[in-house]
Undergrad: 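Pasting a structure here, questions to come.
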Amino acid sequence: MQIRTLEEAVAELKRDPARPVQARVDDLTVELRAVAGEATSSPQRSAADVFAQIGPWEGESLDELLSFFSKARRQGGSRNVPEL
């Protein structure tokens with residue numbers, strides 16, 4: 001992890017609240033992270049951003065994705081989701 005100033009660390013945490021950041025405060029190195037249960041996603045983050053982050057969805061149509069998720073649900077939900 002890169003060590004930043006406190007201001008830089010807060011700005012980075014606001015950009016990506018899922019990842020903790022380290023900052024230097026006087027002679028201390030501190031780690032900042034968003035607290036679970038708090039509103040951590042920024043309003044401009046879309047569902048497309050989330051899907052892009054968690055999986056290689058490029059090239060699949062909406063119908064293909066809906067079919068994929070429907071089949072996975074019928075097979076037992078997240079326990080039996082096949083690899084893409």
Side-chain angles (χ1 to χ4, degrees):
M1 264 186 222
Q2 179 183 0
I3 298 177
R4 301 163 175 80
T5 67
L6 187 56
E7 292 79 16
E8 291 170 338
V10 169
E12 180 65 27
L13 192 58
K14 285 180 180 180
R15 279 191 295 275
D16 187 1
R19 300 180 74 183
V21 294
Q22 290 185 350
R24 193 82 176 151
V25 179
D26 295 328
D27 292 332
L28 296 173
T29 299
V30 296
E31 185 171 274
L32 297 135
R33 64 180 67 235
V35 178
E38 294 291 322
T40 57
S41 62
S42 61
Q44 62 268 31
R45 189 170 181 201
S46 69
D49 295 332
V50 173
F51 280 117
Q53 184 179 6
I54 63 172
W57 306 109
E58 293 147 4
E60 284 83 2
S61 69
L62 176 60
D63 289 337
E64 289 170 320
L65 287 174
L66 291 175
S67 174
F68 169 78
F69 289 125
S70 178
K71 181 179 176 184
R73 188 180 311 124
R74 285 191 306 274
Q75 292 177 346
S78 61
R79 293 181 308 267
N80 298 311
V81 174
E83 291 295 320
L84 289 178

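Treat the numbers as computed from the prediction; the structure is a model and nothing was measured.
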Undergrad: Please assess Glu31 against Arg33 for the test salt bridge (charged side-chain N to carboxylate O under 4.0 Å, His left out), listing each intermediate value before the final yes or no.
TA: CA-CA 7 Å; Glu31 185 171 274; Arg33 64 180 67 235; 2.3 Å; yes

Undergrad: Measuring only between side-chain heavy atoms, which start at C-beta, is Leu6 closer than 4.5 Å to Leu32?
TA: yes

Undergrad: Between Glu12 and Val21, what is the shortest heavy-atom contact and its length?
TA: CG-CG1, 3.5 Å

Undergrad: Would you indicate whether Arg24, at its atom CZ, is surrounded by more than 12 heavy atoms from other residues, nucleotides or ligands within a distance under 6.0 Å?
TA: yes

Undergrad: Please give me the minimum heavy-atom distance between Pro17 and Ala34, naming the atom from each residue.
TA: O-CB, 3.5 Å

